[in-house]
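Working notes, beginning with the structure itself.
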Amino acid sequence: MPTQLNPYLHFDGTAREAMTFYQSVFGGQLDVMTFGDMGMEGDTADQVMHSNLAGPGGLAIMGSDTPPGMTLTRGDTVALSLSGDDDAELRGWFGALAEGGEVHVPLEKQMWGDVFGQCADRFGTIWLVNIIQPG
């Protein structure tokens, strides 16, 4: 198996909702393990300890809720980039991700020749979408 680089997203109690949303956008198989599955009890038992979305074409997104005793500091230092030449697929994903979120850069042809857009989804995750144009 080749080495892979997968985004790992951290949430403050919304990991299951976010990962289910990403599955609705990208498709694929979502596996979720809760803190309760590992023997924890109480308020955090139903929260996500680890999740993995294995999508088509090798797409993979992992995520979890913040472990008990730790705090989550939101920031904009991480963005997820989707690139490819399937215009309809990438436009569909961009639209679905932006719904309920915020479009920072609309999908438009850019100076480098590709169509590019940036949005934050309703969970605050920033997505960069680059549609490669035939050249």
Query raised in the report: Taking only residues two or more places apart in sequence, or in another chain, which ones meet E102 in a side chain to side chain contact (heavy atoms under 4.5 Å, CB included)?
Result: H104
Report summary line: dist L82:CG -> E89:CD (nearest 0.5 Å) comes out at 9.0 Å
Query raised in the report: How about D37: does its CG atom have over 12 heavy atoms from other parts shown lying under 6.0 Å from it?
Result: yes
Report task. Please examine the side chains of N52 and L30, heavy atoms only from C-beta on, and report whether any two atoms are closer than 4.5 Å. Result -> no
Query raised in the report: Does L53 share a hydrophobic cluster with I126, counting links as ILVMFWY side-chain heavy atoms below 4.5 Å and allowing steps through other members?
Result: no
Requested in this report: For the pair F35 and H50, evaluate ring-ring contact (aromatic ring centres under 6.0 Å, His included) and give the outcome as yes or no after the intermediate values.
Outcome: CA-CA 8 Å; F35 288 106; H50 175 74; over 10 Å; no
**Report entry** Shortest non-hydrogen contact from S64 toward A15
**Finding:** C-CB, 3.6 Å
Report task. Report yes if the side chains of Q118 and V129 come closer than 4.5 Å at any heavy-atom pair, otherwise no. Result -> no
**Report entry** K109 side, atom NZ; Q133 side, atom CD - distance, nearest 0.5 Å
**Finding:** 6.0 Å
Query - Side chain to side chain, I61 and N6, heavy atoms closer than 4.5 Å - result: no
Requested in this report: Answer whether the closest heavy-atom distance between the side chains of L128 and F116 falls below 4.5 Å.
Outcome: yes
Query - Non-hydrogen side-chain atoms of M19 and V32 separated by less than 4.5 Å - result: no
Requested in this report: Check the hydrophobic clustering (I, L, V, M, F, W, Y; side-chain heavy atoms under 4.5 Å; chains of links allowed) and say if V103 and L107 are grouped together.
Outcome: yes
Query raised in the report: Under 6.0 Å from the CZ atom of R91, do we count more than 12 heavy atoms belonging to anything else shown?
Result: yes
Report task. Find out whether C119 and F94 are in side-chain contact, i.e. whether some heavy atom of one side chain is under 4.5 Å from a heavy atom of the other. Result -> yes
Query raised in the report: So, E41 side chain and G39 main chain: donor-acceptor pair closer than 3.5 Å or not?
Result: no
Report summary line: Rounded to the nearest 0.5 angstrom, the CG-OG1 distance for L72 and T66 is 4.0 Å
Query raised in the report: Are L90 and V25 connected in the hydrophobic side-chain network, where two residues link if heavy atoms are under 4.5 Å apart?
Result: yes
Report task. Quick one: pull up OG in S51 and CG in D65 and give me the separation to the nearest 0.5 Å. Result -> 8.5 Å
Query - Cluster check V105, M111: I/L/V/M/F/W/Y, side chain < 4.5 angstrom - result: yes
Query raised in the report: By ring-ring contact (aromatic ring centres under 6.0 Å, His included), which residues pair with W127, not counting sequence neighbours?
Result: Y22, F26
Requested in this report: Spell out, yes or no, whether M49 and F123 are grouped together once hydrophobic residues are joined by side-chain heavy atoms under 4.5 Å, including indirect joins.
Outcome: no
Requested in this report: Could you grab the distance from atom CG of L59 to atom CH2 of W93, nearest 0.5 Å is fine?
Outcome: 5.5 Å
**Report entry** side-chain hydrogen bond (donor to acceptor under 3.5 Å, both in side chains) assessment of N130 paired with D114
**Finding:** CA-CA 7 Å; N130 192 76; D114 293 341; 2.9 Å; yes
Query raised in the report: Near E99 CD, under 6.0 Å, is it more than 12 heavy atoms from other residues, nucleotides or ligands?
Result: no
Query raised in the report: Any chance CG of D87 has more than 12 other-residue heavy atoms, nucleotides or ligands included, within less than 6.0 Å?
Result: yes
Query raised in the report: Any donor-acceptor pair under 3.5 Å linking the side chain of T20 with the backbone of R16?
Result: yes
Report summary line: Interatomic distance, CZ@R122 vs OG1@T14, rounded to 0.5 Å, equals 9.5 Å
Query - A96 to F21 - nearest heavy-atom pair and separation - result: O-CZ, 3.3 Å
